[in-house]
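Below you'll find the structure, written out as structure tokens, and then a few comments.
Here the structure is a predicted model, which means the values were calculated and not measured. When a ligand or atom number is given, it counts from 1 through the structure's own listing order. The chain is numbered in sequence order, starting from 1.
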Amino acid sequence: MIGISALCVYCGSSNHVAPGYLEAARRVGLEAASRGIGIVFGGGRVGMMGAVAEGALEAGGEVIGIIPNHLQEQEVGHDGLTRLEIVDSMHVRKMRMFELSDAFCALPGGLGTLDETFEIVTWKQLGLHDAPVLLVNLDGYWDPLLEMVAHQAEAGFVRPQHRQLFQVVDSIEALFAALETAKPPSVKVDSRRL
Ligand code: AMP
């Protein structure tokens, strides 16, 4: 069976977080590289984003970054990547990340991470793809979000079966264990139709 070969990582761009988060991000990069799984990410060298890339590159992994022109300066595009694509807009960035990846994971992050994660989840909800999406709930970081989704389901806004659109794992080991048995997407809409 052909497994996951390119993992899209969504995560925070802030440097002002507990060092453990940055260390965890680095480990995700390293563990991916050691399994021959390439990383696709937002291309910045800051915060957890930069740490994921550093970890993967140090372990000899492939890392592809996609950054929009206007963020190139702010996020300081990482120049040591296997490839850095500079695109015209946030929309194209998210489309390219979708095109290049066959599984998606969200590490702790801020508002941008939420946007990216829920965009990929809602595309799945609409049947535009069936790729694995994993929420990495380190130190219970995403607990309040999971409570929110449970609340949405209780109130009838989220269908019970849609709570299965993403899988929650609580450690990096569990992330890679899940990826080992995960199937690459069998449905992936042409990104021009997104
Ligand atoms: P954050 O989680 O806010 O630190 O952001 C993580 C990533 O999400 C960064 O690469 C940001 O460029 C990106 N991002 C920030 N805001 C948005 C947004 N409104 N839509 C899509 N991506 C965003």
Quiz item: Do Ser191 and Glu99 have side-chain N/O donor and acceptor atoms under 3.5 Å apart?
Solution: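 Short answer, yes.
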Quiz item: Which of these, Ile120, Val52, Leu179, Val136, sits in a side chain to side chain contact (heavy atoms under 4.5 Å, CB included) with Cys105?
Solution: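 Going through Ile120, Val52, Leu179, Val136 one by one, the side chain to side chain contact (heavy atoms under 4.5 Å, CB included) with Cys105 is satisfied by Val136 alone.
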Quiz prompt | Protein residues that have a heavy atom under 4.0 Å from any atom of ligand 1, sorted by chain and number | solution =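 Ligand 1 pocket, heavy atoms under 4.0 Å: Cys11, Gly12, Ser13, Met49, Leu71, Glu75, Met90, Arg93, Lys94, Gly109, Gly110, Leu111, Gly112, Thr113, Asp115, Glu116.
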Exercise. Mind checking side chain to side chain donor-acceptor pair (under 3.5 Å) for Arg193 and listing every partner two or more places apart, or none if nothing turns up?
Key: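 Result, side chain to side chain donor-acceptor pair (under 3.5 Å) vs Arg193: none returned.
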Quiz item: Do Leu114 and Leu145 come close enough that some side-chain heavy atom pair is under 4.5 Å?
Solution: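 Of all side-chain heavy-atom pairs linking Leu145 with Leu114, at least one is under 4.5 Å.
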Quiz item: Who pairs with Asp79 by salt bridge (Lys or Arg N to Asp or Glu O under 4.0 Å), at least two apart in sequence or on another chain?
Solution: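 Asp79 satisfies salt bridge (Lys or Arg N to Asp or Glu O under 4.0 Å) with Arg45 only.
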Self-check item: salt bridge (Lys or Arg N to Asp or Glu O under 4.0 Å) partners of residues 17-33, not counting sequence neighbours, each pair once
Solution: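 Checked against salt bridge (Lys or Arg N to Asp or Glu O under 4.0 Å) - neighbours excluded - the pairs reaching residues 17-33 are Arg26-Glu58, Arg27-Glu31, Arg27-Glu173, Glu31-Arg35.
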